[in-house]
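Written below as structure tokens is the structure these notes are about.
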Protein chains: 2
Amino acid sequence: MKDSSRKEFVMLPRPTFERLKLYHRLLLDVKEEYISSETMARMLKLQPEQVRKDLSYLRTTGKPKLGYRVEELKKELDELFAVKRETTVVIVGAGRLGSALANYRGFARYGIEIVAIFDNDPQKIGQFVSDLVVLPLKDLKRVVKRFNVEIGVICVPEESAQEVANLLVACGIKGIWNFAPVQLEVPEDVVVVNEDITQSLLTLKHLLNLRRSKS
Amino acid sequence: MKDSSRKEFVMLPRPTFERLKLYHRLLLDVKEEYISSETMARMLKLQPEQVRKDLSYLRTTGKPKLGYRVEELKKELDELFAVKRETTVVIVGAGRLGSALANYRGFARYGIEIVAIFDNDPQKIGQFVSDLVVLPLKDLKRVVKRFNVEIGVICVPEESAQEVANLLVACGIKGIWNFAPVQLEVPEDVVVVNEDITQSLLTLKHLLNLRRSKS
DNA sequence: TAGATTGTTAATCGATTAACAATC
DNA sequence: TAGATTGTTAATCGATTAACAATC
């Protein structure tokens, strides 16, 4: 007997996972009731077979002649990415990047609530960033416990990033979103996702360079 | 006869290219004269064989017992990513993100010079952001021609991103760095690199979710 | 019904890993 | 020299693509 709930335990191939994120974003803007693999493929410059294969890892199935039900697909992807699950985060570093993130309205849509922002510059402590007061790092532990914080966002300069990571780990945080261009060392039960814009700069410069040498 | 300069024309596998960016960043902090594949692998959680295979696509070779000459490797990677080649860019969107980028000091190291920042909010036009005056979008074409701008950075809300992309393309820009969470439609000779933080947010939430259900 | 589109199996392609000779 | 480490070939593994039957 096939048990479709089993699918939740099937390991997703990494490339498939990456594309599921793209489908998730794409569907946000889709107004139709159904969407075909063909259409999705065209929008993302993929092969329709690829799209169908990827979606076959999910419980949602398509209807011949119609495609996939957009709402159903959205819902399952929201679940996969735990979008509806409220997660509290703190930002460390109240510089321009930290402030930009604290002000970013798009997080709410992903079930992210920013509960505090920290810095250790006395000039910044006490200042308002969005509707949060900048707190000194010594308050970190207390805030993490109090609000059950799961994610720490590192927005400090390269040099202090590892130190901040250690602090976050010591407070019991299990997820780190790292905006500093360094490879952090953390215990293996801590999840780190790097957001390093210098990396995509390298891609951009390389691609432009290729393009130039072709013409 | 083997001609090592041929290597420049060997197509790099995509995964290799991605890792070369990681090696590039890692080497910035290395003080030693030589580094072994073993060491690099440990720092990036890869296999040493993988590192050697990747580096075998480059002209730089290692020395048995010593490893790879750090300076030589750095230099070749700098070339690959065109780091030393000065590239002028404009930022479109003088909101928090655009301002944060305009103020970011790290770009200089990658041969990036920001020459102007644009917005069409009359409130913002004329204001200073870093050492740049915010200009109206109607000046875009003139500035692009005048400074030979190669890259446009899109820091506007989702709704206007495509419109701005069209404008940039119309001005003759060939590289777009897109911070808006949308898939842009551009002619195929234009290079787009997406920097979509909502995508890594999905990864982070998914990984935390997995971690939770395991325990 | 005919035609469009899904979903799966098999074939192909490409990347990683293992093994090991070369070499400093 | 002995030992460490590279660099390459071959074996394995995994992902993509092709083909096509199933089905609405």
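By convention in this document, chain letters (A, B, ...) are assigned in the order of the sequence lines, proteins followed by strands, and residues within each chain are numbered from 1.
- Considering only side-chain N and O atoms, B:Gln50 lies nowhere under 4.0 angstrom from the phosphate OP1 or OP2 of C:dA15.
- To the nearest angstrom, P of D:dT16 lies 11 Å from CD of A:Glu18.
- Note on B:Lys75 versus B:Glu72: no salt bridge recorded, every NZ/NE/NH1/NH2 to OD/OE distance being 4.0 Å or above.
- Salt-bridge annotation for B:Lys74 and B:Glu79: absent, with no side-chain N of the basic residue lying under 4.0 Å from a carboxylate O of the acidic one.
- Here A:Glu49 does not pair with A:Lys53 in a salt bridge; the nearest charged N to carboxylate O distance is not below 4.0 Å.
- Straight-line distance from the CG atom of A:Leu58 to the C1' atom of C:dT6: 14 Å, rounded to whole Å.
- One atom, OH of B:Tyr34, and another, P of C:dC24, lie 12 Å apart when rounded to the nearest Å.
- Classification of the B:Phe107-B:Tyr104 ring pair by plane angle, with boundaries at 30° and 60°, yields perpendicular.
- Figure legend. D:dC20 is base-paired to C:dG7; pairs are counted as Watson-Crick or G-U wobble with both atom distances under 3.5 Å.
- The side chain of A:Gln47 contributes no N or O atom lying less than 4.0 Å from OP1 or OP2 of D:dT17.
- Atom P of nucleotide D:dT9 and atom OH of B:Tyr57 are separated by 12 Å, given to the nearest angstrom.
- Where A:Lys63 and A:Glu49 each meet DNA chain D at their nearest nucleotide, the meeting point lying more 5' is that of A:Glu49.
- For A:Pro64 and A:Pro15, each mapped to the nucleotide of DNA chain D holding its nearest heavy atom, the one lying further toward the 5' end belongs to A:Pro15.
- Between the C1' atom of C:dT6 and the CG atom of A:Asp54 lies a distance of 14 Å, rounded to the nearest Å.
- Remark: P of C:dC24 and CD of B:Glu33 are 17 Å apart, rounded to the nearest angstrom.
- Contacts of residues 35-43 of chain A with DNA chain C (heavy atom under 4.0 Å): A:Ser36, A:Ser37.
- Nearest to the side-chain atoms of A:Lys53 among the listed nucleotides C:dA10, D:dA15, C:dG7 stands C:dA10.
- Nearest to the side chain of B:Lys65, among D:dT23, D:dT17, C:dC24, sits C:dC24.
- Side-chain N/O atoms of A:Tyr68 include one lying less than 4.0 angstrom from OP1 or OP2 on C:dG7.
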| How far apart are the C-alpha atoms of A:Glu76 and A:Thr60, what are their side-chain angles, what is the distance that settles it, and do they pass the side chain to side chain donor-acceptor pair (under 3.5 Å) test? | CA-CA 7 Å; A:Glu76 188 173 1; A:Thr60 301; 2.6 Å; yes
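- When the P atom of C:dT6 is taken as reference, atom CG of A:Leu73 falls 11 Å away, rounded to whole Å.
- Contact check, A:Arg14 against D:dT16: no side-chain N or O comes under 4.0 Å of OP1 or OP2.
- For A:Arg52, counting side-chain heavy atoms from C-beta on, the closest listed nucleotide (D:dA19, D:dT17, D:dC24) is D:dA19.
- The aromatic rings of A:Phe17 and A:Phe81 lie perpendicular to each other, with more than 60° between the two planes, well past the 30° mark.
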Test side chain to side chain donor-acceptor pair (under 3.5 Å) applied to B:Thr203 and B:Ser200, step by step
CA-CA 5 Å; B:Thr203 305; B:Ser200 39; over 6 Å; no
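- Distance B:Glu72 CD to D:dT6 P: 14 Å, rounded to the nearest Å.
- Between B:Arg211 and A:Glu150 there is no salt bridge, since no side-chain nitrogen of the basic residue lies less than 4.0 Å from a carboxylate oxygen of the acidic one.
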